[in-house]
A.B. asks: 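Below is the structure I would like to discuss, written out as structure tokens.
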2 protein chains.
Amino acid sequence: MTETLPHKLRSDAQTNRDRILEAARSLYAEQGLEVTMREVARRAGVGPATLYRRFPARQALLEAVFDDELRTCRGVVEEGCADPDPWHGFTSVIEELSVLNAANKGFVDAFLAERPSETFAEHRSALLVKLDGLARRAQAAGRLRPDFVIDDLVLVLLAGRGLAITSKPARVAAARRLAALAIDALRASGTNAPLPPPPRAVEF
Amino acid sequence: MTETLPHKLRSDAQTNRDRILEAARSLYAEQGLEVTMREVARRAGVGPATLYRRFPARQALLEAVFDDELRTCRGVVEEGCADPDPWHGFTSVIEELSVLNAANKGFVDAFLAERPSETFAEHRSALLVKLDGLARRAQAAGRLRPDFVIDDLVLVLLAGRGLAITSKPARVAAARRLAALAIDALRASGTNAPLPPPPRAVEF
DNA sequence: CTGGAAGCGGACGCAGGCGTCCGTTAGCGT
DNA sequence: ACGCTAACGGACGCCTGCGTCCGCTTCCAG
């Protein structure tokens, strides 16, 4: 890790910063982002003041913590978009994002929040636009049901949040199965029933 | 309403009890069950002490509040089970429970909690057993995919929790669409892909 | 009408999180 | 080696929710 963004930190400060990030990362992943600042500080073995000095606003900590996840997320999407088979790419994205979400309880909360930070909102828009393109190609290939809209993908991702199961392996297994079901639901097939009007869950 | 369970209350006490229940009901429906006791008391226009006297434990309040919903829930399930067409009954149950959940943010949390109260756990078991029977009949009729297990239904219901969208109409619309997708996923069709191993999300 | 008990709710003490201040410690440049 | 200063974290005051106590009010039976 060992970040070096602004003007260089003293070595102990840098160490503490890293420990804070690691603590926050694991706490958010396990418990979602209702974790208190002090809990993060405690787990990191630093005082509250240190935490607040490095990350004066909660949002700053969130962004720093989820920077990696954001990168992973983008990787997944780009890989999916690069797939020569758009349907395969599309389903891969659903699967991998679902599992990522299940493994990081907090991430999807932060990322799909109704009032996200500007940073998250921008990344989200960009990714959704990419995914929209991928989806249209999958539709053109006749594999994705024609009445799919990109909001359905958001819906599926949001739905993953409901799987707030304590044990992490069970949570991941549940996410995997839910993703598989979602993929089956989205596949174009003669038996697709007409859907009720699509919702708009998040802006982009 | 005007309950009359234990030894009769004084008239003003009964009124307050009813107002508390109504306040709690609407607050839980709108905001889920992280609502504070005091907030309930405030909305009901009573002091905290009054609330605590009537419902010494949070759980008591929850059970009283969700008694109606539990009844509705059971009604939905029984109606579905009574349907001569098991697949139609099954899909009705999914639809209606999804909408019920979306309209009552707190209910599914209380009902599908990992550590539910004894009361909820019993009702849940009973309902799930009934639904399991319905599902088997729908499978026997060749309409429900053969690799469906009852836990998949729990999964779908849990997933509905993720749709924590602020506006209630939007939430209901989202729930409806998600339910429709789930039904499409669960329908037996030549294109059903094999599923990953099923999870066990709740005990029953 | 009236006595007494059921009921009420303001107020209390406790606990925990918040964000900040400041006296002390320790890294690092010279 | 040394001193400057960044950095640390314990401790503080504030706030909010919790569950309970107790003096006042109100219902209702006789």
Side-chain angles (χ1 to χ4, degrees), chain A residues 1-24 26-28 30-65 105-106 109-110 115 117, chain B residues 1-28 30-65 105-106 109-110 113 115 117:
Chain A
M1 208 57 7
T2 313
E3 309 235 351
T4 339
L5 297 169
H7 280 80
K8 202 173 193 177
L9 291 171
R10 223 170 67 179
S11 68
D12 54 340
Q14 184 60 54
T15 304
N16 278 333
R17 185 174 153 55
D18 292 346
R19 287 171 62 186
I20 288 172
L21 282 178
E22 198 197 314
S26 60
L27 282 173
Y28 287 149
E30 289 165 21
Q31 308 181 25
L33 27 68
E34 70 283 6
V35 176
T36 71
M37 291 289 194
R38 264 179 167 68
E39 216 165 331
V40 174
R42 269 194 294 269
R43 167 86 68 115
V46 302
T50 301
L51 172 55
Y52 281 110
R53 189 171 325 103
R54 263 345 129 211
F55 305 97
R58 172 192 190 69
Q59 197 59 40
L61 179 58
L62 285 184
E63 286 177 15
V65 163
K105 260 181 101 182
D109 283 5
R115 298 253 312 99
S117 78
Chain B
M1 207 65 357
T2 313
E3 310 234 351
T4 338
L5 297 170
H7 280 78
K8 202 173 192 177
L9 292 171
R10 224 171 66 178
S11 68
D12 53 342
Q14 185 60 53
T15 305
N16 279 332
R17 190 185 143 88
D18 292 346
R19 287 170 63 185
I20 289 172
L21 282 177
E22 198 198 315
R25 190 140 31 223
S26 61
L27 282 173
Y28 287 149
E30 288 164 23
Q31 310 182 23
L33 27 70
E34 71 283 8
V35 175
T36 71
M37 291 290 193
R38 264 180 168 66
E39 215 165 330
V40 174
R42 268 194 294 271
R43 167 86 69 114
V46 303
T50 301
L51 172 54
Y52 281 110
R53 189 170 326 102
R54 260 348 126 210
F55 304 97
R58 172 193 192 69
Q59 198 59 40
L61 179 57
L62 286 184
E63 286 177 15
V65 164
K105 262 181 98 181
D109 284 4
R115 297 254 311 101
S117 78

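All chains are named by letter (A, B, ...) in the order of the sequence lines, taking the proteins before the strands, and each is independently numbered beginning at 1. This structure is a prediction, so every number in the text was calculated from the model and none was measured.
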A.B. asks: To the nearest 0.5 Å, what is the distance between OG1 (A:Thr15) and CZ (A:Arg10)?
C.D. replies: 10.5 Å
A.B. asks: For B:Met37 and C:dG9, what is the distance between atoms CE and C1' respectively, to the nearest whole Å?
C.D. replies: 17 Å
A.B. asks: Taking atom P of C:dC28 as reference, at what distance in whole Å does atom CG of A:Leu9 sit?
C.D. replies: 11 Å
A.B. asks: Over how many whole Å does the gap from A:Leu61 atom CG to C:dG19 atom P extend?
C.D. replies: 12 Å
A.B. asks: How about CD on A:Glu34, more than 12 heavy atoms from neighbouring residues, nucleotides or ligands closer than 6.0 Å, or not?
C.D. replies: yes
A.B. asks: Considering every strand and a 4.0 Å limit on heavy-atom distances, what is the contact class for B:Arg54: base, sugar-phosphate, or nothing?
C.D. replies: sugar-phosphate
A.B. asks: Between atom CZ of A:Arg54 and atom CG of A:Asn16, what is the distance when rounded to the nearest 0.5 Å?
C.D. replies: 8.0 Å
A.B. asks: Could you state the CZ-P distance from A:Arg38 to D:dT16, rounded to the nearest angstrom?
C.D. replies: 17 Å
A.B. asks: Does OP1 or OP2 of D:dA7 have a side-chain N or O of A:Asn16 closer than 4.0 Å?
C.D. replies: no
A.B. asks: Does the side chain of B:Arg53 get closer than 4.0 angstrom to OP1 or OP2 of C:dA6 through an N or O atom?
C.D. replies: no
A.B. asks: Would you say CD of B:Gln31 has more than 12 non-hydrogen atoms from neighbouring residues, nucleotides or ligands within 6.0 angstrom?
C.D. replies: yes
A.B. asks: Determine whether B:Leu61 and B:Tyr28 make a side-chain contact, defined as any pair of heavy atoms from C-beta on separated by less than 4.5 Å.
C.D. replies: yes
A.B. asks: I need the CZ-P distance between A:Arg17 and D:dA6, as an integer number of Å.
C.D. replies: 18 Å
A.B. asks: Check every strand shown and say whether B:Ala13 touches a base, only sugar-phosphate, or nothing at a heavy-atom separation below 4.0 Å.
C.D. replies: sugar-phosphate
A.B. asks: If each of B:Ala49 and B:Arg10 is mapped to the nucleotide of DNA chain C with the nearest heavy atom, which maps nearer the 5' terminus, i.e. the 5' end?
C.D. replies: B:Arg10
A.B. asks: Tell me the interatomic distance from B:Tyr52, atom OH, to D:dG17, atom P, rounded to whole angstroms.
C.D. replies: 11 Å
A.B. asks: Taking only side-chain N and O atoms of A:Ser11, does any of them lie within less than 4.0 angstrom of OP1 or OP2 on C:dG27?
C.D. replies: no
A.B. asks: Ignoring the backbone of B:Thr36, work out which of C:dG17, C:dC8, D:dG17 is nearest its side chain.
C.D. replies: D:dG17
A.B. asks: How close or far is atom C1' of C:dG9 from atom CZ of B:Arg19, stated in whole angstroms?
C.D. replies: 13 Å
A.B. asks: Which residue lies toward the 5' end of DNA chain D, A:Asp12 or B:Glu39, if each is placed at its nearest nucleotide?
C.D. replies: A:Asp12
A.B. asks: For the pair made of CD in A:Gln14 and P in C:dC28, what is the distance, rounded to whole Å?
C.D. replies: 11 Å
